[in-house]
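Scroll down for the structure; my scribbles are underneath it.
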Amino acid sequence: MSGVRQPVHLFDAYAMANLRLCSATADGARSLSDATMSRNCLPHLAETIRILEPTLCIVQGVQVHKVLTELMGRRRQVAPHLEQARIAGVGTLVAAFTNPSAWGKLRWGGLNGVPYLHETVAPTLRVAYQRVVGAPATAGNPTAHPQRRPATLDRQPPR
């Protein structure tokens, strides 16, 4: 390729992975999963992260983040809800949020009139974008540029 950066669609630069690769439900009821299931699936998530080498992991759920911290090393807080860490040998940013379907003020699954989405999720993702791309995020941009791993993600944070 000529070295000219070409925009790509967001979904060409996006992957979704679940902590648990199975479900535990009874007749459509709330999940019956437990900490043992999460710990048993953790090595599979670590391998997924190692293979994909994401620049940003968006964690949806307080309990999921708690389990994921078992894999995280060299953690350094860079903004509220955002930290730099190494997971499975990969330098990445980790944005930790509640589950979009959480109850009350922590819910952000709706798009209108949801304070957590506008006051927590969106600002955190803007900071992450600025750290990865090195430029301010612009609203309404449907494309992403080819991913380049910033040197700051591979450097060790100060101890």
Side-chain angles (χ1 to χ4, degrees), residues 1 3 5-26 28-102 106-109 116-117 120-134 137 141-159:
M1 186 169 218
R5 294 175 65 178
Q6 297 292 321
V8 296
H9 191 277
L10 171 68
F11 290 121
D12 290 332
Y14 170 87
M16 182 172 173
N18 288 322
L19 169 60
R20 288 181 226 102
L21 300 176
C22 59
S23 61
T25 60
R30 191 166 190 243
S31 175
L32 302 174
S33 62
D34 59 24
T36 300
M37 288 175 69
S38 295
R39 276 192 310 277
N40 289 343
C41 293
L42 203 54
H44 301 288
L45 181 62
E47 185 64 6
T48 299
I49 291 170
R50 188 192 67 74
I51 291 167
L52 295 178
E53 297 182 344
T55 54
L56 173 64
C57 293
I58 298 173
V59 181
Q60 298 178 355
V62 174
Q63 292 304 317
V64 174
H65 184 255
K66 183 178 176 183
V67 172
L68 184 64
T69 60
E70 294 178 29
L71 293 178
M72 294 168 61
R74 299 182 187 158
R75 295 170 63 184
R76 183 172 62 93
Q77 195 78 31
V78 295
H81 304 279
L82 185 66
E83 60 188 311
Q84 183 176 319
R86 290 195 73 75
I87 302 175
V90 175
T92 188
L93 291 170
V94 179
F97 305 119
T98 59
N99 190 292
S101 62
L106 298 178
R107 180 180 179 81
W108 56 284
Y116 189 85
L117 174 65
T120 302
V121 176
T124 300
L125 295 181
R126 276 193 286 280
V127 171
Y129 180 89
Q130 289 168 350
R131 290 186 66 87
V132 171
V133 177
N141 184 356
T143 60
H145 291 282
Q147 181 176 347
R148 271 195 239 167
R149 179 164 296 282
T152 58
L153 292 180
D154 290 323
R155 278 190 233 133
Q156 291 184 17
R159 293 192 180 243

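All residue numbers refer to positions in the sequence shown, counting from 1.
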Less than 4.5 Å apart, side chain to side chain, heavy atoms only: is that true for H65 and V94? yes
Decide side chain to side chain contact (heavy atoms under 4.5 Å, CB included) for L52 and V90; before the verdict, give the C-alpha distance in whole Å, the side-chain angles of both, and the deciding distance to 0.1 Å. CA-CA 9 Å; L52 295 178; V90 175; over 6 Å; no
Go through the structure and list residues passing side chain to side chain contact (heavy atoms under 4.5 Å, CB included) with A128, not counting sequence neighbours. L56, L82, L93
Using the side chain to side chain contact (heavy atoms under 4.5 Å, CB included) criterion, which residues pair with T120? Sequence neighbours excluded. H81, F97, Y116
Qualifying residues under side chain to side chain contact (heavy atoms under 4.5 Å, CB included), relative to V64, sequence neighbours excluded: L19, V59
Please name all residues satisfying side chain to side chain contact (heavy atoms under 4.5 Å, CB included) with E47, sequence neighbours left out, ordered by chain then number. R50, I51
Looking at T55 and T92, would you say the former's side chain and the latter's main chain have a donor-acceptor pair under 3.5 Å? no
In this structure, CG of N18 is separated from CG of L45 (nearest 0.5 Å) by 9.0 Å
Across all chains, not counting sequence neighbours, the side-chain hydrogen bond (donor to acceptor under 3.5 Å, both in side chains) partners of Q60 are none
Please report the closest heavy-atom contact between T124 and P80, naming both atoms and the distance. OG1-O, 3.5 Å
Which residues satisfy the side-chain hydrogen bond (donor to acceptor under 3.5 Å, both in side chains) test with S101, sequence neighbours excluded? N99
CZ of R86 to CZ of R74: how many Å apart, nearest 0.5 Å? 5.0 Å
What is the distance from atom CE of M72 to atom CD1 of I49, rounded to the nearest 0.5 Å? 9.0 Å
Scanning both residues in full, the closest heavy-atom pair of A46 with A88 reads O-CB, 3.3 Å
Considering residues at least two apart in sequence or located in another chain, which fulfil the side-chain hydrogen bond (donor to acceptor under 3.5 Å, both in side chains) criterion with T48? none
Tested for side chain to side chain donor-acceptor pair (under 3.5 Å) against Q84, the lone hit among Q77, R76, R75 is R76
